[in-house]
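Everything numeric here is computed off the predicted structure, so don't read it as measured data.
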Amino acid sequence: VEAVQAAENKPKVVIQASAVGYYGDRGDELLTEESSAGDNFLAHVCIEWEKAIQPIADMVRLVIVRTGVVLTTTDGALQRMMLPFKLFAGGPLGSGKQWFPWIHLDDEVRAILFLLNDENAAGTYNLASPHIMTNGNFVKVLGDVMNRPAFVPAPAFALKIALGEMADLVLDSQRMMSTKLQSAGFDFAYPNAKEALDDLVKNNK
């Protein structure tokens with residue numbers, strides 16, 4: 001923010017990376033960019049983070065992307081979810097009923113480039129596959145792709161003991177929609193979990 005304010009020749013666009021955590025734990029509620037913020041640890045982090053960029057909102061074209069769980073086998077949530085499956089101990093996290101907003105790494109990069117280059121893009125955009133599913137259904141697909149069973153649950157209390165407040169990352173339910181991004185003309189290369197996980201797992205992406 002200070003660099004943009006001080007620059008004589010200001011950038012045409014600034015993209016801030018925020019997260020689906022902004023919405024908190026919302027059950028089955030459909031979440032759009034107009035939905036209110038949540039009230040847990042991750043939501044408060046996202047709220048303060050997005051506030052921090054506002055001083056330059058009238059100086060540049062500002063885009064804020066609230067991203068779901070980015071899928072890649074090389075790091076992050078998917079890599080950690082795959083380990084118990086390799087040991088034939090994979091299954092739902094918590095109840096498995098929570099909505100799990102995911103996006104293939106390739107689509108995450110493509111969406112950011114799309115918003116970077118679209119001069120009409122401004123404001124907040126949700127980034128998640130148009131076909132998100134519950135955690136329970138997602139891990140079933142992951143098990144099928146890895147040829148492993150998916151029936152050993154990880155209890156919520158155990159995740160909270162192990163991860164503390166960070167357990168919210170996998171236990172919160174966020175049925176987040178990317179309608180605004182799609183309305184702007186973006187097409188997902190991997191809208192379905194089966195196609196996305198096939199590509200990631202079989203190609204080690």
S.K.: I'd like to know if the side chain of Ser36 pairs up with that of Arg26 as donor and acceptor (distance under 3.5 Å, no hydrogens or angles considered).
M.R.: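 Side chains of Ser36 and Arg26: pair found under 3.5 Å.
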
S.K.: Any side-chain heavy atom of Phe88 sitting closer than 4.5 Å to one from Pro149?
M.R.: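 In short, these two side chains touch, coming nearer than 4.5 Å.
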
S.K.: Using side chain to side chain donor-acceptor pair (under 3.5 Å) as the criterion, list what pairs up with Asp58, not counting sequence neighbours.
M.R.: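 So Asp58 forms no side chain to side chain donor-acceptor pair (under 3.5 Å) with any residue.
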
S.K.: Hydrophobic clusters join Ile, Leu, Val, Met, Phe, Trp and Tyr when side-chain heavy atoms are under 4.5 Å apart, directly or via other members; which others share one with Phe151?
M.R.: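 Taking Ile, Leu, Val, Met, Phe, Trp and Tyr as members, Phe151 shares its hydrophobic cluster with Val152.
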
S.K.: Between Asn135 (side chain) and Gln98 (backbone), is there a donor-acceptor pair under 3.5 Å?
M.R.: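 A pair under 3.5 Å: no.
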
S.K.: Do the side chains of Pro130 and Gln182 get nearer than 4.5 Å, heavy atoms only?
M.R.: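 Gln182 vs Pro130: side chains touch.
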
S.K.: Can you name the closest pair of heavy atoms from Thr124 and Glu33 and give their distance?
M.R.: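 Closest approach of Thr124 to Glu33: O-CG, 3.2 Å.
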
S.K.: Is there a side-chain contact between Thr72 and Gln79 in this structure, where contact means two heavy atoms from C-beta onward sitting under 4.5 Å apart?
M.R.: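 No. Closest side-chain heavy atoms not under 4.5 Å.
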
S.K.: Report the residues that fulfil side chain to side chain contact (heavy atoms under 4.5 Å, CB included) with Ala57, sequence neighbours left out, ordered by chain and then residue number.
M.R.: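 With neighbours one apart ignored, the set is Gln54, Leu62.
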
S.K.: For Ser18, what residues pass the side chain to side chain donor-acceptor pair (under 3.5 Å) criterion, not counting sequence neighbours?
M.R.: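 Applying side chain to side chain donor-acceptor pair (under 3.5 Å) to Ser18 gives Glu50.
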
S.K.: Quick one: closest heavy-atom pair of Ala19 and Cys46, and the distance?
M.R.: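 Looking at all heavy atoms of both residues, the shortest contact is O-SG, 3.9 Å.
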
S.K.: Any side-chain heavy atom of Val69 sitting closer than 4.5 Å to one from Leu78?
M.R.: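 Heavy-atom side-chain distance check fails, nothing below 4.5 Å.
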
S.K.: I need the full list of salt bridge (charged side-chain N to carboxylate O under 4.0 Å, His left out) pairs touching residues 68-77, with sequence neighbours left out, sorted by first then second residue.
M.R.: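 Residue pairs passing salt bridge (charged side-chain N to carboxylate O under 4.0 Å, His left out), neighbours aside: Asp75-Arg80.
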
S.K.: Search all heavy atoms of Lys86 against all heavy atoms of Met146 and return the closest pair with its distance.
M.R.: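 Heavy-atom minimum between the residues: CG-CE, 3.7 Å.
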
S.K.: Running the 4.5 Å side-chain criterion over Ile, Leu, Val, Met, Phe, Trp and Tyr, what cluster does Tyr23 land in, apart from itself?
M.R.: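 Besides Tyr23, the hydrophobic cluster comprises Val20, Tyr22, Leu31, Ile47, Met176, listed by chain and residue number.
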
S.K.: Might you point out which heavy atoms bring Val139 and Met81 nearest each other, and give the distance in Å?
M.R.: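 Here Val139 and Met81 meet closest at CG1-CE, 3.7 Å.
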
S.K.: Do you know which two heavy atoms are closest between Thr73 and Leu200, and how far apart they sit?
M.R.: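 In terms of heavy atoms, the two residues are closest at CG2-O, 3.4 Å.
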
S.K.: Once side chain to side chain donor-acceptor pair (under 3.5 Å) is applied, do any residues pair with Lys202, and if so which ones, sequence neighbours excluded?
M.R.: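 Checked Lys202 against side chain to side chain donor-acceptor pair (under 3.5 Å); matches are Asp198.
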
S.K.: Please write out which residues are connected to Trp49 in a hydrophobic cluster, directly or through intermediates, given that two of Ile, Leu, Val, Met, Phe, Trp, Tyr count as joined at side-chain heavy-atom separations below 4.5 angstrom.
M.R.: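 Under the 4.5 Å side-chain rule, Trp49 groups with nothing.
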
S.K.: I'd like to know if the side chain of Asp172 pairs up with that of Asn40 as donor and acceptor (distance under 3.5 Å, no hydrogens or angles considered).
M.R.: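 Asp172 vs Asn40: donor-acceptor pair found between side chains.
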
S.K.: Are the side chain of Asp199 and the backbone N or O of Glu195 linked by a donor-acceptor pair below 3.5 Å?
M.R.: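 No: the side chain of Asp199 does not pair with the backbone of Glu195.
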
S.K.: Who pairs with Trp102 by side chain to side chain donor-acceptor pair (under 3.5 Å), at least two apart in sequence or on another chain?
M.R.: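 With sequence neighbours excluded, Trp102 shows a side chain to side chain donor-acceptor pair (under 3.5 Å) to no residue whatsoever.
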
S.K.: Which pairs pass salt bridge (charged side-chain N to carboxylate O under 4.0 Å, His left out) with one or both residues in residues 94-114, sequence neighbours excluded?
M.R.: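 Output for this query lists Asp106-Lys205, Asp107-Arg110.
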
S.K.: State, with a plain yes or no, whether a side-chain heavy atom of Phe100 is found less than 4.5 Å away from one of Thr134.
M.R.: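 They are not in contact (no side-chain heavy atoms under 4.5 Å apart), so the answer is no.
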
S.K.: Quick test of your reading: applying salt bridge (charged side-chain N to carboxylate O under 4.0 Å, His left out), list the pairs with at least one residue in residues 125-148, sequence neighbours left out, ordered by first then second residue.
M.R.: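 Salt bridge (charged side-chain N to carboxylate O under 4.0 Å, His left out) check on residues 125-148 returns no pairs.
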
S.K.: Which other residues end up in the same hydrophobic cluster as Leu113, if Ile, Leu, Val, Met, Phe, Trp and Tyr are linked when side-chain heavy atoms come under 4.5 Å apart?
M.R.: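 Members besides Leu113, by chain and number: Val13, Ile15, Val63, Val65, Val70, Ile103, Leu105, Val109, Ile112, Phe114, Leu115, Leu116, Tyr125, Leu127, Leu181, Phe186, Phe188.
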
